[in-house]
Student: 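Below is one structure. I have some questions about it.
Along the sequence shown, the residues carry numbers beginning at 1.
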Amino acid sequence: MSFPLLTATAALPAVGAIVTAAVPAARRTAAKWLALLFSLATLVLAALVVVRFEPGGARYQLTESHAWISDFGVRYELGVDGIGVALLALTALLIPFVILAGWHDADPLEEVNPNRRWRPTQGFFALILMVEAMVILSFEATDVFLFYILFEAMLIPMYFLIGGFGDRAHSGGDEAAATQRSYAAVKFLLYNLVGGLIMLAAVIGLYVVAGSFSLSEIAEARANGSLSIATDTERWLFLGFFFAFAVKAPLWPLHTWLPNAMGEATAPVAVLITAVVDKVGTFAMLRFCLQLFPEASKWATPVILVLALISIVYGALLAVGQRDMKRLIAYASISHFGFIIMGIFAMTSQGQSGATLYMVNHGISTAALMLVAGFLITRRGSRLIADYGGVQKVAPVLAGTFLIGGLATLSLPGLSPFVSEFLVLVGTFSRYPVIGIIATIGIVLAALYVLVLYQRTMTGPVKAEVKSMPDLRVRELVVITPLIALLLFLGVYPKPLTEIVNPAVEHTLSDVQQTDPKPEVEAAP
């Protein structure tokens, strides 16, 4: 029996979470180092997955399949395609930076009694590792029921990370701030639970009509003609799955939980939300919606494209008007997720390749911008843009990295998000030119909110409260430098990603029986 590499990649952070949580209360520094070491070991295993994956090979590779709940046809089935590999690698890459960036975020406000059972620091890092384990396994799951369990279970540690470990740098420990954190956490949980419950009904319905939860078995049954789902049934099942994924993504008008959650969470947890957890929603649209319900996906495409277009423009417009730095980044992410979903449902190779690259590049760029913003907020103790000014004169390295993260967010040519956004727009325009043209408004608005944010915080007279602000420290440079290097590298050489992603996109397009539209060429006179 070959080594179960996919299981090990997901199990290692889960074990790390247990070990970290068990560290004595007085040894919180040891708990931090343990969490970091487990996250780095997970990154090594993720790198092995990338190395062993063959882009031109079978659709799902490194597969594992074991009986689980036999009476209900549930199996423990894992496998990765190019899209899953890319997002698995992104998750494993970002978690060590999340841990390093949040090194002091859960330190107790007062000295901890060694005899106390509650260990806030250990709990914080254990929850991060647990989220990593569940997200990685969700990118690997090829059994629908297994995926559903992970899809729902990851909400629990995220709830505690948002509600229990809020942004103390901004709000301190007062009761009003605790109430806001609790509200954001409950809203996050309720929105996603409602989406999950609707998905559960659709999962049960899928089993009733298909007799299996296995993606491979359902695909094989469709191919040999032994499975035929009635049109209306397929559409209802599609809507059940898509609703849950649209909440997670998030897509307008199901997005309202995200600004609250990101605003009240610490900056590293905000990165965990939008750069890691939310990607499960867009990934699942590709893996489950399009593969399981191809005809319903094409039927719903016009409405979904309109919703994605609204997300692009609406999110960008609200970002322009924000006074809160973290909420601005949250609304910018809503706009970016609109681009991702638009690329997925454009049903073209350029659009879906661009959407997958966008998931990866958005994760890196948002992590860079949000983490630098978090460093800034920690120094000043405020998320309000108006409380800053002239930072580049006292902390030039911090200001420079903030600018690069912002330029990546607006998809400046030469930085990796540009390639993604360009492919999405080209892929959309080739089939839906009007949608593609209107979506370019999001690019203009992105330039506006990013440059205005930089101008108001980093330039101008130095405000009295920032005169003594220190520049980035060594730990913070270790966090941000590799992210900027990746933005630059993938901006000029995206081939390593496209080689992995493109074959998986071809499989997805074949599922929905779509080919790229041929350009119209006028005949010579």
Student: Please answer whether the main-chain N or O of Glu295 pairs with a side-chain N or O of Glu234 as donor and acceptor at a distance below 3.5 Å.
Tutor: yes
Student: When you compare the side chains of Glu64 and Thr7, does any donor N or O come within less than 3.5 Å of an acceptor on the partner?
Tutor: yes
Student: Quick one, Ile162 and Ile273 - any side-chain contact, counting heavy atoms below 4.5 Å?
Tutor: yes
Student: Looking at Met130 and Ala17, what are the two nearest heavy atoms and their distance?
Tutor: CE-CB, 3.7 Å
Student: Return the minimal non-hydrogen interatomic distance between Lys326 and Met262, and the atom names on each side.
Tutor: CE-O, 3.1 Å
Student: Quick one: do the Ser214 and Ser216 side chains pair a donor with an acceptor below 3.5 Å?
Tutor: yes
Student: Please lay out, stage by stage, how Ile312 and Ile334 fare under the test side chain to side chain contact (heavy atoms under 4.5 Å, CB included).
Tutor: CA-CA 7 Å; Ile312 292 169; Ile334 291 169; over 6 Å; no
Student: Could you state the interatomic distance from CG (Leu487) to CG (Leu369), rounded to the nearest 0.5 Å?
Tutor: 10.5 Å
Student: Got a second to check how far Phe188's CZ is from Lys248's NZ, nearest 0.5 Å?
Tutor: 5.5 Å
Student: Flag the pair Leu509 / Val505 as yes when at least one side-chain heavy-atom distance between them is below 4.5 Å, and no otherwise.
Tutor: yes
Student: Any side-chain heavy-atom pair from Ile95 and Leu272 closer than 4.5 angstrom?
Tutor: yes
Student: Would you say Val209 and Leu237 make side-chain contact, with heavy atoms under 4.5 Å?
Tutor: yes
Student: Just by modelled atom types, is the Gln350 backbone N or O under 3.5 Å from a matching donor or acceptor in the Ser353 side chain?
Tutor: no
Student: Would you check if Phe147 and Val280 make a side-chain contact, meaning some heavy-atom pair closer than 4.5 Å?
Tutor: yes
Student: Taking all heavy atoms of Tyr314 and all of His255, pick out the closest pair and write down the distance.
Tutor: CE2-NE2, 3.1 Å
Student: When rounded to the nearest 0.5 angstrom, what is the spacing between CZ in Arg75 and OG in Ser70?
Tutor: 7.5 Å
Student: Test side chain to side chain contact (heavy atoms under 4.5 Å, CB included) on Ser349 and Asn502 and set out the steps.
Tutor: CA-CA 8 Å; Ser349 58; Asn502 286 344; over 6 Å; no
Student: Please round to the nearest 0.5 Å and tell me the distance separating atom CE of Met285 and atom CD1 of Ile344.
Tutor: 6.0 Å
Student: Passes side chain to side chain donor-acceptor pair (under 3.5 Å), Thr256 versus Tyr191? Steps please.
Tutor: CA-CA 9 Å; Thr256 59; Tyr191 267 68; 2.7 Å; yes
Student: Within the distance-only criterion (no hydrogens, no angle test), does the side chain of Trp257 pair as donor or acceptor with the backbone N or O of Asn192 below 3.5 angstrom?
Tutor: no
Student: Thr440 vs Val444, test: side chain to side chain contact (heavy atoms under 4.5 Å, CB included). Steps then yes/no.
Tutor: CA-CA 7 Å; Thr440 58; Val444 178; over 6 Å; no
Student: Could you tell me which non-hydrogen atom of Gly491 sits nearest to which non-hydrogen atom of Val419, and how far apart they are?
Tutor: O-CG2, 3.9 Å
Student: Examine distances only and state if a side-chain atom of Ser311 and a backbone atom of Trp252 form a donor-acceptor pair shorter than 3.5 Å.
Tutor: yes
Student: Before giving the answer on ring-ring contact (aromatic ring centres under 6.0 Å, His included), spell out for Phe288 and Phe293 the whole-Å C-alpha distance, their side-chain angles and the decisive distance to 0.1 Å.
Tutor: CA-CA 8 Å; Phe288 296 102; Phe293 316 111; 9.3 Å; no
Student: Taking the six-membered ring for Trp and the full ring for Phe, Tyr or His, determine whether the centres of His362 and Phe339 are under 6.0 Å apart.
Tutor: no
Student: Only one of Tyr148, Phe213, Phe145 passes ring pair (Phe, Tyr, Trp, His ring centres under 6.0 Å) with Tyr207; say which it is.
Tutor: Phe213
Student: Would you check if the side chain of Ser365 reaches a backbone N or O of Asn361 as a donor-acceptor pair within less than 3.5 Å?
Tutor: yes
Student: Surrounding CZ of Phe97 (heavy atoms of other residues, nucleotides or ligands, distance under 6.0 Å), is the total greater than 12?
Tutor: yes
Student: State the CG-CZ distance between Leu292 and Phe241, to the nearest 0.5 angstrom.
Tutor: 6.0 Å
Student: I'd like to know if the side chain of Gln61 reaches the main chain of Ala58, judged simply by a donor and an acceptor atom lying under 3.5 Å from each other, with no hydrogens or angles considered.
Tutor: yes
Student: Sub-3.5 Å donor-acceptor pair from the side chain of Ser430 to the main-chain atoms of Gly427, do we have one?
Tutor: yes
Student: Measure across Val479 and Leu371 and return the closest heavy-atom pair with its distance rounded to 0.1 Å.
Tutor: CG1-CD1, 3.7 Å
Student: Take Val74 and Leu146, measure what side chain to side chain contact (heavy atoms under 4.5 Å, CB included) needs, and give me the verdict at the end.
Tutor: CA-CA 7 Å; Val74 180; Leu146 173 61; 5.5 Å; no
Student: Is it true that, when you exclude Phe422 itself, more than 12 heavy atoms of the residues, nucleotides or ligands shown sit nearer than 6.0 Å to its CZ?
Tutor: no
Student: Can you confirm whether Leu129 sits close enough to Thr20 that some side-chain heavy atom of one is under 4.5 Å from a side-chain heavy atom of the other?
Tutor: yes
Student: Quick one: are Thr142 and Thr63 in side-chain contact, heavy atoms under 4.5 Å?
Tutor: no
Student: Working to the nearest 0.5 Å, report the span between CD1 of Ile83 and CG of Leu286.
Tutor: 4.5 Å
Student: For the residue pair Val194 and Val247, establish whether any side-chain heavy-atom pair is separated by less than 4.5 Å.
Tutor: no
Student: So, the side chain of Lys298 versus the backbone of Met347: is there a donor-acceptor pair under 3.5 Å, distance only?
Tutor: no
Student: For Ser297 and Cys289, indicate whether the former's side chain and the latter's backbone hold a donor-acceptor pair under 3.5 Å.
Tutor: yes
Student: Minimum heavy-atom separation for Ile364 to Leu483, with atom names?
Tutor: CG2-O, 3.7 Å
Student: Taking Asp81 for its side chain and Tyr60 for its backbone only, find out whether a donor-acceptor pair lies under 3.5 Å.
Tutor: no
